2 protein chains.
Amino acid sequence: MFEARLSQGSLLKKILEAVKELVTDANFDCSETGIALQAMDNSHVALVSVLLRAEGFDPYRCDRNMPLGVNLNSLNKILKCAGNEDIITLKADDSGDTLGLIFESPNNDRVGEYELKLMDIDQEHLGIPDTEYEAIVRMPSSEFQRICRDLAVISESVTFNVEKEGIKFTSSGEFGTGAVTLKPHTDIDNEEASTSIELTQSVTLTFSLKYLTLFSKSTPLSDQVTLFLSDNVPLLVEYKMDDSAFIRYYLAPR
Amino acid sequence: MFEARLSQGSLLKKILEAVKELVTDANFDCSETGIALQAMDNSHVALVSVLLRAEGFDPYRCDRNMPLGVNLNSLNKILKCAGNEDIITLKADDSGDTLGLIFESPNNDRVGEYELKLMDIDQEHLGIPDTEYEAIVRMPSSEFQRICRDLAVISESVTFNVEKEGIKFTSSGEFGTGAVTLKPHTDIDNEEASTSIELTQSVTLTFSLKYLTLFSKSTPLSDQVTLFLSDNVPLLVEYKMDDSAFIRYYLAPR
DNA sequence: GACCGGCCAG
DNA sequence: CTGGCCGGTC
């Protein structure tokens with residue numbers, strides 16, 4: 001028996017928006033500690049990892065580990081039937097062949113009940129090594145999205161150059177070149193507009209803008225994004241919702 | 001060496017929006033006095049003339065005349081990477097093979113640096129004769145845009161009939177006819193909403209609405225537009241931004 | 001069906 | 001001024 005009630009249902013809706021273009025089918029691995037989703041993207045270039053800890057739900061109950069194999073496109077269609085203010089409850093019985101979704105409107109005068117057929121998905125479970133990164137950049141997620149969108153005009157790839165003084169994003173294409181530099185900056189009135197850089201070593205790496213742009217669909221989930229970089233190691237792009245949830249993307253450098 | 005800093009960068013963004021559908025490639029003729037662009041539209045029916053005087057920049061420096069041949073579509077893409085509040089600096093070194101653009105955010109924690117490859121464009125320099133016009137109509141630019149949009153429903157062309165008492169725009173098409181009359185009107189509280197007509201002789205001329213509609217993309221540049229008309233002479237449609245900049249369109253009558 | 005532009009709301 | 005939504009065009 002699995003049951004998880006999420007008072008801020010829009011969180012789940014946004015997560016699906018942030019993942020569905022990258023992955024078509026994936027397991028929701030439900031356990032006592034929460035719900036995890038981990039999958040390579042369809043072209044096996046990027047990795048997505050979502051964690052929703054049990055503490056983020058109320059109540060949360062999961063008697064035994066269950067991998068719920070979901071077609072994300074179908075799930076997304078069903079989630080579009082939930083209002084943004086709805087409370088969403090996920091349910092699965094031990095047979096594990098359907099996922100139940102209940103959408104309750106805030107004033108409880110409307111209840112939607114949906115069932116999604118589940119599927120068996122080969123669990124290619126991916127150990128992600130814990131890395132000490134050489135550079136950690138925290139910046140407004142909207143800024144990151146803007147930079148990806150802007151530089152995509154110039155080229156298909158972007159080079160990140162992180163120094164103590166700032167992070168510089170550079171692209172070069174057929175009709176010209178572009179570069180955006182962000183300086184560390186603390187806005188006390190507006191913490192979410194701040195940019196910070198920690199590094200043990202300056203780093204220069206190049207990535208596909210197509211994937212970064214897909215990652216930046218997570219912008220509505222968090223005001224800030226954190227980039228973790230090391231030479232010859234996949235970039236980690238992390239959106240933390242609060243202490244009980246995150247979405248992480250990994251992308252190998254070019 | 002050419003360098004021009006424009007504190008209101010959105011001006012340049014809007015100018016490109018107002019020109020790019022008419023002209024694909026053009027020279028930015030940079031000289032001591034400012035930046036001029038003059039080009040026939042792609043079908044050689046209309047003429048666009050933009051002038052940005054040196055006084056509108058701070059600082060402005062141009063050591064020698066340089067025609068910077070630009071693909072306006074590429075330039076427009078790059079300008080979309082500038083924020084609406086950004087300060088824009090244009091730069092070209094004496095080789096003149098790239099145009100540099102620097103976008104500085106208002107609080108200076110974000111800098112975009114772009115380079116656009118330049119091209120050689122045959123300078124068909126167009127002498128525009130100074131004309132004494134028979135009729136000069138000044139009106140709200142939004143009104144002009146609205147009239148073009150409205151009458152385009154009726155026909156592909158519009159007839160301007162200017163009398164002392166008013167200007168009448170008339171179209172006639174397969175399913176009906178339309179006419180809009182504007183009377184001179186001075187709104188003291190709101191100068192920009194006024195309409196005025198000066199004439200030495202009444203004038204009746206017919207023009208392509210397609211081009212007038214393209215001209216009216218300049219509406220965001222100025223609250224007022226001025227129409228200069230004479231029999232058998234191209235219409236001049238002028239948007240003056242302030243004393244240091246204008247965009248003018250010329251269109252031969254049908 | 002996808003992309004771009006215009007309009008409306010926060 | 002920015003972001004999201006809707007409509008139109010390619």
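Everything numeric here is computed off the predicted structure, so don't read it as measured data. Any value given below was found using the heavy atoms of this structure, including those in side chains, with hydrogens, waters and symmetry copies removed.
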- Message: Tell me the interatomic distance from Asn73(B), atom CG, to dG5(C), atom P, rounded to whole angstroms.
- Response: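 In whole Å, dG5(C) P and Asn73(B) CG are 10 Å from each other.
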- Mind calculating the distance between NZ (Lys14(B)) and P (dG5(C)) to the nearest angstrom?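 These atoms are roughly 17 Å apart.
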- Got a salt bridge between Glu113(B) and Lys91(B), using NZ or NE/NH1/NH2 to carboxylate O under 4.0 Å?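 Here Glu113(B) does not pair with Lys91(B) in a salt bridge, since their nearest N and O are not under 4.0 Å apart.
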- Query: Is any side-chain N or O of Lys80(B) closer than 4.0 Å to OP1 or OP2 of dC4(C)?
  - Reply: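 Looking at the OP1 and OP2 atoms of dC4(C), neither is under 4.0 Å from any side-chain N or O of Lys80(B).
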Contact list (N/O, under 3.5 angstrom) for nucleotides 1-10 of chain D vs protein:
unit_1 : atom_1 : unit_2   : atom_2 : d
dC1(D) : OP1    : Glu85(B) : OE2    : 2.2
dT2(D) : OP2    : Asn84(B) : ND2    : 3.1

- Message: For a side-chain contact (heavy atoms from CB on, under 4.5 Å) check, start with the C-alpha distance between Leu235(A) and Leu212(A), then their side-chain angles and the critical distance, and finish with the verdict.
- Response: CA-CA 10 Å; Leu235(A) 165 70; Leu212(A) 297 175; 3.7 Å; yes
- Task: Give the intermediate values and the outcome of ring-ring contact (aromatic ring centres under 6.0 Å, His included) for residues Phe103(A) and Tyr114(A).
- Result: CA-CA 8 Å; Phe103(A) 306 150; Tyr114(A) 296 81; 5.2 Å; yes
- Return the orientation label for the Tyr239(A) and Tyr249(A) ring planes: parallel under 30°, perpendicular over 60°, tilted otherwise.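 Taking Tyr249(A) first and then Tyr239(A), their aromatic rings stand perpendicular (interplane angle over 60°).
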- Residue among Glu192(B), Lys240(B), Glu238(B) satisfying side chain to side chain contact (heavy atoms under 4.5 Å, CB included) with Gln224(B):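 Only match with Gln224(B) under side chain to side chain contact (heavy atoms under 4.5 Å, CB included): Glu192(B).
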